Amino acid sequence: MRESKDFLRTIVEEDLKLGKYNEIVTRFPPEPNGFPHIGHAKSIAINFGIARDYNGHCNLRMDDTNPTTEDTKYVEALKDAVQWLGFEWGDDVYFTSDYFPKIYDYAVELIKMGKAYVDSLDEEEIREYRGTVTEAGKRSKYAQRSVEENLDLFQRMKNGEFKNGEHVLRAKIDMSAANMKMRDPLLYRIRHAHHFRTGDGWCIYPMYDYAHCLSDYIEGVTHSICTLEFENNRDIYNWVLDELGLKLPRPYQHEFARLGINYTVMSKRKLLELVDGGQVSGWDDPRLPTIAGYRRRGYTPESILNFCDQIGIAKANSMVDVSQLEFCIRDDLNTKVPRVLCVLDPLKVTIENYEGHEEIDAPYYPHDVPKEGSRKMPFSKEIYIERDDFMENPPKDYFRLTPEQPVRLRHGYIISYKEVVKDANGNILEIKVKYHPESKSGSDTSDIKVKSAIQWVSAQEAKPIEVRLYDRLFSCEAPEGIQDINPNSLQVIKNAFVEPAVITEKPDERFQFERHGYFYADPVDSTDEKPVFNKIVGLKDSWTKKTKTTESAPKLQAKKIQIEGEETSMSKTQKTRFDKYTDELGLNSEIANILARDEQLSSFYEEALSLLNSPVSIANIVVNEVARELKEQQLDQLKFSAKQITQLVKMVNDETISSNIAKQVFEEMAKSGENPTQIVETKGLVQISDPSKILPIIDEVIAKNPDNVLKFKAGNTKLLGFFVGQVLKVTDGKANPTVVNELVADKLATC
RNA sequence: UGGGGAUUCGCCAAGCGGUAAGGCAGUGGCUUUUGGUGCCACCAUUCACAGGUUCGAAUCCUGUAUCCCCAUCCA
């Protein structure tokens with residue numbers, strides 16, 4: 001677990017501490033109507049991860065309440081994904097459809113309680129009656145039906161006596177609710193359709209909002225974690241479980257922000273569009289952000305899990321940079337896979353002074369990867385090197401082979417340029433070089449300095465392979481659709497050459513082709529006769545990056561200017577109040593403004609003012625502290641009175657307590673309704689202003705933090721606050737902060 | 001437009017009244033037979049903006065701005 005907890009784990013720990021649950025139960029509840037993508041991986045990591053961290057368990061549940069879109073092939077894909085990521089769901093996969101009978105019984109309960117009714121409006125009418133976000137809806141006349149009639153109708157809906165859409169079951173909540181979801185939400189609809197699991201056993205199907213909370217409850221789920229777009233649905237979730245009066249404990253819903261990654265799409269709809277439109281080769285196309293796609297491309301489960309861990313969990317909509325994912329796979333593979341040599345764009349090289357043949361022994365892993373293993377690399381007169389590892393007229397930072405600059409063949413000899421062979425158009429066909437016999441890797445006595453080592457393969461023994469180079473599927477960060485597709489997202493190289501050990505020894509299924517990147521033998525198309533490798537991700541490349549970025553002009557971003565909106569104008573009575581507060585009572589305009597505009601606040605204020613003539617202090621505490629309590633509850637629900645506030649203010653005014661302590665006391669008052677003087681007395685909160693009592697504490701704090709004293713002396717004046725804070729902490733906030741401030745400043749200056 | 005969320009570095013993200021964590025990206029340097037890796041350093045006097053409260057505010061109060069979600073018999 002990371003050192004700082006995410007907000008979900010914080011909630012879980014809190015609930016555990018409170019003894020709300022004995023065991024944590026989560027669930028991963030996909031609808032089996034599409035292939036899982038990396039967003040699902042995030043959800044899987046959260047739900048299974050929390051269960052693991054708190055010794056609970058996580059159910060895999062298919063949310064199969066819509067028979068027209070769901071299919072068993074998707075449940076297989078979902079199971080695969082969970083399994084591949086390394087999680088276990090116990091003995092069974094659960095299905096919402098398994099609970100259909102129970103869910104039906106609960107609906108009957110609701111009808112009996114008069115909390116649900118059969119509505120017979122048609123689809124369009126229901127929409128109209130629902131109203132809009134600004135206008136209240138109106139209730140259907142069918143909501144009047146008696147319990148008996150509802151029961152009868154619902155029974156007959158179940159029996160299949162009606163056509164699709166003829167009736168629905170609705171919760172009776174509130175057609176004018178500000179939350180649209182609460183305007184008598186649908187619970188059941190008629191669907192004469194074949195369900196992939198229940199077959200034709202049912203012709204009514206529960207809606208998500210009704211089935212989901214009950215499924216969670218039935219399974220004993222404690223924390224029902226979903227994405228942000230379900231925030232509005234939380235009210236129904238709670239309504240159903242509360243109204244049914246179910247035996248506790250019951251689950252609660254918590255929402256987090258779904259994952260977005262730039263240069264790709266994550267919605268089922270857009271993904272389906274790409275697959276159906278033939279833009280990609282299928283759900284497992286390596287360019288897709290589907291689990292199947294990443295898997296086929298060569299990503300490891302560890303890298304994906306690690307990514308999910310790194311990006312964190314929060315409630316702000318966000319778009320993660322792909323480079324973060326790319327880092328995770330490189331980081332994982334770096335310590336795992338063998339290094340081999342592969343030439344993607346071959347240039348023939350003849351070594352004029354070399355005759356014969358030899359086998360060079362080369363380790364699979366670099367010095368910094370603690371793994372054993374090596375292979376033999378055939379070496380002979382004719383080899384291939386990468387075309388761009390030779391330049392006739394190189395730029396000055398070019399480290400590879402040039403007419404003037406020798407280069408090392410990785411694990412082999414150093415070669416020097418002799419001549420170049422070109423065709424009629426000036427294209428380089430071949431280069432001729434000489435090698436330095438005494439420069440062999442490991443026993444080099446040549447004393448020749450080279451700037452780099454390049455990959456090569458022996459022309460005779462190299463194995464031809466197909467290599468598929470993938471780039472981002474879209475050319476813009478937030479693609480809308482197929483118009484944003486990157487036309488060069490797939491480049492197929494039919495005639496790359498790899499050293500023979502890759503094919504004959506097969507030391508692994510993933511490799512680093514040195515200086516290129518990480519590659520994976522395509523699990524579908526690759527065969528021994530015709531090997532195919534997918535590029536998983538390139539190596540970080542500070543050379544081509546440097547060359548490129550000098551070309552592209554840096555973009556200047558203008559700082560956003562905030563347009564100030566206007567505050568609504570005051571009414572006449574508010575204005576007179578405002579004038580009185582500023583002119584007569586001497587309040588500053590901000591405080592006066594807030595007070596004048598708020599009926600409850602101002603009446604509370606004036607009541608207090610009539611008991612104690614301290615207009616400014618009272619106003620400050622009313623506006624800053626009382627206002628907070630008033631956000632949660634009404635005036636008459638407050639635990640404390642205006643009189644108590646004046647007692648508090650009095651103690652601050654006569655310096656019995658500091659304003660710091662006053663806040664603590666206020667919080668206590670708001671919670672318990674106890675008298676402020678009482679609180680101060682029983683807790684012994686009287687302010688300490690006597691320097692002789694404070695000084696020793698300051699000395700102690702200074703002695704404990706020599707580093708910070710040094711930093712302070714070096715000019716970090718912000719640290720004054722740190723020292724004051726420490727002293728306040730030691731005295732439980734009782735030290736007079738003004739005095740402490742002065743004393744600390746003095747002390748720090750002289751010590 | 002009513003309601004519900006959100007806003008801390010280019011991208012994620014800690015932080016909950018007392019020194020602005022961390023990762024990715026970026027920039028320099030060292031190491032290196034991968035222009036890889038590793039290591040070191042740099043990278044927010046400021047937390048959407050404007051006020052207020054406080055000895056002290058990213059954190060509390062007020063207002064404003066911007067973005068996301070909700071009017072499927074989808075989930």
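For clarity, every value in this text was computed on a predicted model and none was experimentally measured. Labels below follow one simple rule: chain letters A, B, ... track the order of the sequence lines, proteins then strands, and each chain is numbered from 1.
Separation of the C1' atoms belonging to B/rU66 and B/rU54 is 29 Å when rounded to the nearest angstrom. Nucleotides B/rA75 and B/rG26 place their C1' atoms 41 Å apart, quoted to the nearest Å. B/rG2 sits 25 Å from B/rC73 when the C1' atoms are compared, rounded to a whole Å. Atom name P, nucleotides B/rA20 and B/rA48: the rounded distance is 16 Å, in whole Å. The same atom, P, is picked in B/rG10 and in B/rG5; the two are 28 Å apart, to the nearest Å. Comparing the same atom, P, in B/rC24 and in B/rU37 gives a spacing of 11 Å after rounding to whole Å. Atom name C1', nucleotides B/rC9 and B/rA25: the rounded distance is 11 Å, in whole Å.
When Watson-Crick and G-U wobble pairs are counted only if both distances are under 3.5 Å, B/rU64 pairs with B/rA48. When both distances must be under 3.5 Å, the Watson-Crick or G-U wobble mate of B/rC55 is B/rG18. The partner of B/rG10, taking Watson-Crick or G-U wobble pairs whose two distances both stay under 3.5 Å, is B/rC24. Across all strands shown, the partner of B/rG2 is B/rC70, judged by Watson-Crick or G-U wobble contacts whose two distances both fall under 3.5 Å. Within the shown strands, nothing qualifies as a pairing partner of B/rU37 under the Watson-Crick or G-U definition with both distances less than 3.5 Å.
Atom CG of A/Asn233 and atom P of B/rG3 are 19 Å apart (whole Å). We find that CZ of A/Phe230 is positioned 13 Å from P of B/rC69, with the value rounded to whole Å. As a whole-Å value, the separation of A/Lys42 NZ from B/rC12 P is 11 Å. Note: CD1 (A/Ile621) to P (B/rC60) measures 17 Å, nearest angstrom. A/Ile594 has its CD1 atom 4 Å from the C1' atom of B/rU62, to the nearest Å. Rounded to a whole Å, the CG atom of A/Asp174 is 16 Å from the C1' atom of B/rC70. Here B/rU72 presents its P atom at 15 Å from CG of A/Leu121, a figure rounded to the nearest Å. The CD-P distance, from A/Glu625 to B/rU53, rounds to 13 Å in whole Å.
Put simply, the side chain of A/Asn741 and the base of B/rC55 share a donor and an acceptor less than 3.5 Å apart. Contact annotation: side chain of A/Gln512 to base of B/rU34, donor-acceptor pair present below 3.5 Å. Below the 3.5 angstrom threshold, one finds a donor paired with an acceptor across the side chain of A/Asn708 and the base of B/rU19.
Contacts of A/Asn66 with the nucleic acid, taken as non-hydrogen atoms under 4.0 Å apart, involve only primed sugar atoms and P, OP1 or OP2. A/Lys718 comes within 4.0 angstrom of a nucleotide base, judged by non-hydrogen atoms across all strands. No engagement by A/Phe723 is indicated, since no non-hydrogen atom pair under 4.0 Å with the nucleic acid exists. Counting non-hydrogen atoms under 4.0 angstrom, A/Asp541 reaches the backbone sugars and phosphates but no base. Using a 4.0 Å heavy-atom criterion, one finds that A/Glu567 contacts the sugar-phosphate atoms exclusively.
When each of A/Pro737 and A/Lys540 is assigned the nucleotide of RNA chain B bearing its nearest heavy atom, the one mapping closer to the 5' terminus is A/Lys540. With the nearest nucleotide of RNA chain B identified for both A/Pro366 and A/Glu123, A/Pro366 has the one nearer the 5' end.
Comparing B/rA6, B/rU53, B/rC73 against the side chain of A/Ala316 picks out B/rA6 as the nearest. For A/Leu719, whose side chain is taken as the heavy atoms from C-beta onward, the closest listed nucleotide among B/rU37, B/rU19, B/rC12 is B/rU19. For A/Asn232, counting side-chain heavy atoms from C-beta on, the closest listed nucleotide (B/rC69, B/rA71, B/rC61) is B/rC69.
Results of the salt bridge (Lys or Arg N to Asp or Glu O under 4.0 Å) test with A/Asp389 over A/Arg400, A/Arg410, A/Arg408 single out A/Arg400 as the only residue that passes.
Stacking of A/Phe327 onto the six-membered ring of B/rG23 is not present when judged by under 5.5 angstrom between centres and under 30° between planes. By the criterion of a centre-to-centre distance under 5.5 Å and near-parallel planes under 30°, the ring of A/Tyr208 forms no stack with the base of B/rA75.
Between the side chains of A/Tyr518 and A/Gln512, at least one donor-acceptor pair of N or O atoms lies under 3.5 Å. For the residue pair A/Glu70 / A/Asn66, no side-chain donor-acceptor distance below 3.5 Å is found, with atom types taken as modelled. Under 3.5 Å, the side chains of A/Glu655 and A/Gln687 contain no donor-acceptor pair of N or O atoms.
A heavy-atom distance below 4.5 Å is not found between the side chains of A/Tyr205 and A/Tyr188. In this structure, A/Ile204 and A/Ile190 have side chains that are in contact, with non-hydrogen atoms separated by less than 4.5 Å. Contact of the A/His212 side chain with the A/Asp63 side chain is registered, since non-hydrogen atoms from C-beta on lie closer than 4.5 Å.
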Criterion salt bridge (charged side-chain N to carboxylate O under 4.0 Å, His left out) on A/Arg597 and A/Glu567, from CA distance to verdict | CA-CA 11 Å; A/Arg597 283 168 183 278; A/Glu567 220 175 319; 3.3 Å; yes
